[in-house]
Protein chains: 2
Amino acid sequence: MDEKPIIENLSIDCVIFGFDEGKLKALLIKRNTDPCKGMMSLPGGFVYVDEDLIHAPARRLHDLTGLKDVFLREIGVFGKIDRYPLRRVITIGYYALIKISDYNIHVGEDAQEVQWVSVNELPELPFDHAEIFDEALIKLRKHVRYEPIGYNLLPEKFTITQLQTLYEAILNKQIDNRNFRKKLAKIGFLNDLKEKQKNVSHRAANLYSFDKVKYETLVEKGYTFDF
Amino acid sequence: MDEKPIIENLSIDCVIFGFDEGKLKALLIKRNTDPCKGMMSLPGGFVYVDEDLIHAPARRLHDLTGLKDVFLREIGVFGKIDRYPLRRVITIGYYALIKISDYNIHVGEDAQEVQWVSVNELPELPFDHAEIFDEALIKLRKHVRYEPIGYNLLPEKFTITQLQTLYEAILNKQIDNRNFRKKLAKIGFLNDLKEKQKNVSHRAANLYSFDKVKYETLVEKGYTFDF
DNA sequence: TCAAAAGTGTTGTCGCTACACCCATGT
DNA sequence: ACATGGGTGTAGCGACAACACTTTTGA
């Protein structure tokens, strides 16, 4: 374990979203220390005195999943006076979007029991983690309407139907397939890979990838999106 | 001065918006301690160990303006490692909306030289205050599109034209007067006070007030606004 | 009667929603 | 040939933007 000096009264907590089996899921860990030892909770940690704040959740993500350069957004600050029982700790919430297919349990010194849980079936969470989680989902739903960040949750190559299922899972509503395709076509930040699915027992779907460059130019022109 | 224990590595900073002479303004203070003594900066402060986080900016606002129950929203967290030269301090930014007519320089123990500055004519600011300010304006512009928070910047009784001028100042663009009135009429969260302006050398405008109750019921129905 | 701001309707365009059928592929 | 999901077009409606003149009031 490292012994770098930490900021005593400040922590970070992460809501790590993944998409699997058509469901939006979050990664929880089993707490191995008191308070609330044994409960499933959001992964969190403290901030080193000599690291940028944003580095702390990125580091935690890396320890936990082996992933780098993860999509990370601030949820907000949670600063109620009694939110943490041992001492005064204010926490900054972040949410992360990861490709669940890339994820591997990282068996390092920090290895902990972890679990992907559907966001509709969360267990009771300790401290104010339920509040942090709710806020994460609100923020994600808001962001996903204005920026095409969903691709962070999908494999490199994906089908339109996968993308639609993802949006339906995030927004928790049905979307009309034809309208969804029309909107995507009009906006046009997908690369048609001219490739098909394989080994499916029905008509094979076309594969696409997200085109960052096209997207950037659209943003400059002031586009917004809304599914 | 009070000697309550503070959290050493955490501060708050406030962007205080007001509306005057048709312009959106921010309240700056002259720093009376080093570093950057003498520079105009955002008012900020530290958080007591035994207060809720949100109480810290509310307290600072009260000290500075004499106002309570001010409209306050989180801007975000600013945690770069070298943002504050003396030691490691992470700051939480807030913006406040106040009725500039209610404001009085509070001449207490904390009295400092303060100044309302048009947001288009800000001086150079210390540390990362310029970044905090920019983010505040971005957040305000975003929020004002979805919630009618603008009334927090106006007197209790106001005219449609005042409201429009305010939106023009915030969004920094011209708005068509007829369309603006139509939208307001359709949304309908204004109380027609059946009163007129007095002592104006032209046709007197009707006065309105913001109706919180009507607004709450609209929010429940899932309305959005966009000017 | 003039100056200055208040207040009022209509039309065209664009974007969204709703909706049903044929296609390709593997078993 | 059948089961399964892939992929396509149109019509109606509502929301928004553009636009100019008349009204009221005090000086």
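Residue numbers begin at 1 in each chain, while the letters A, B, ... track the order of the sequences. Values in this document were obtained by computation on a predicted structure and should not be read as measured data.
What separates CD of Gln174(A) from P of dA18(C) is a distance of 12 Å, to the nearest Å. For the pair Arg181(B) CZ and dA5(C) P, the computed distance is 14 Å after rounding to whole Å. Between Leu184(B) atom CG and dG7(C) atom P the separation is 12 Å, expressed in whole Å. The interatomic distance linking Ile160(A) (CD1) with dC23(C) (P) rounds to 21 Å, in whole Å. Computed from coordinates, the Glu195(A) CD to dG6(D) P distance equals 17 Å when rounded to whole Å. One atom, CD of Gln164(B), and another, P of dA6(C), lie 9 Å apart when rounded to the nearest Å. Put simply, CG on Asp192(A) is 15 Å from P on dG6(D), counting in whole angstrom units. What separates NZ of Lys183(A) from C1' of dG9(D) is a distance of 16 Å, to the nearest Å.
Taking the side chain of Ser201(B) as heavy atoms from C-beta on, and the options dT17(C), dG26(C), dG26(D), the nearest nucleotide is dG26(D). For His202(B), taking side-chain heavy atoms from C-beta onward, the closest of the listed nucleotides dA4(C), dG9(D), dC19(D) is dA4(C). In this structure, the nucleotide among dA20(D), dA6(C), dC16(D) sitting nearest to the side chain of Thr161(B) is dA6(C). Taking the side chain of Asn179(A) as heavy atoms from C-beta on, and the options dC16(D), dC19(D), dG9(D), the nearest nucleotide is dG9(D). The side chain of Asn177(A) approaches dG7(D) more closely than any other nucleotide in the set dC16(C), dA6(C), dG7(D).
When each of Ala204(A) and Tyr208(B) is assigned the nucleotide of DNA chain C with its nearest heavy atom, Tyr208(B) is the one assigned upstream, toward the 5' end. Residue Arg203(A) is the one, among Arg203(A) and Asp176(B), whose nearest nucleotide of DNA chain D lies closer to the 5' end (criterion: closest heavy atom). Place Gln162(B) and Lys173(A) on DNA chain C by their nearest nucleotides, and Gln162(B) ends up nearer the 5' end.
Between Lys186(A) and dG15(C), a side-chain N or O to OP1/OP2 separation shorter than 4.0 Å is absent.
A salt bridge between Glu168(B) and Lys173(B) is absent, with no side-chain N of the basic residue lying under 4.0 Å from a carboxylate O of the acidic one. Between Arg83(A) and Asp128(A) there is a salt bridge, with a side-chain nitrogen of the basic residue lying less than 4.0 Å from a carboxylate oxygen of the acidic one.
Side-chain contact between Leu28(A) and Pro123(A): present, with at least one pair of heavy atoms (C-beta onward) separated by less than 4.5 Å.
Note on Lys182(A): a base of the nucleic acid sits closer than 4.0 angstrom, heavy atoms only. Among the heavy atoms of the strands lying under 4.0 Å from Asn206(B) are primed sugar atoms or P, OP1, OP2 only; no base atom is included.
The base of dA17(D) is not paired with the side chain of Arg178(B) by any donor and acceptor separated by under 3.5 Å.
Side-chain atoms of Asn177(B) and Gln164(B) form a donor-acceptor pair, as typed in the model, at a separation below 3.5 Å.
Two rings, from Phe189(B) and Phe210(B), have their centers less than 6.0 Å apart.
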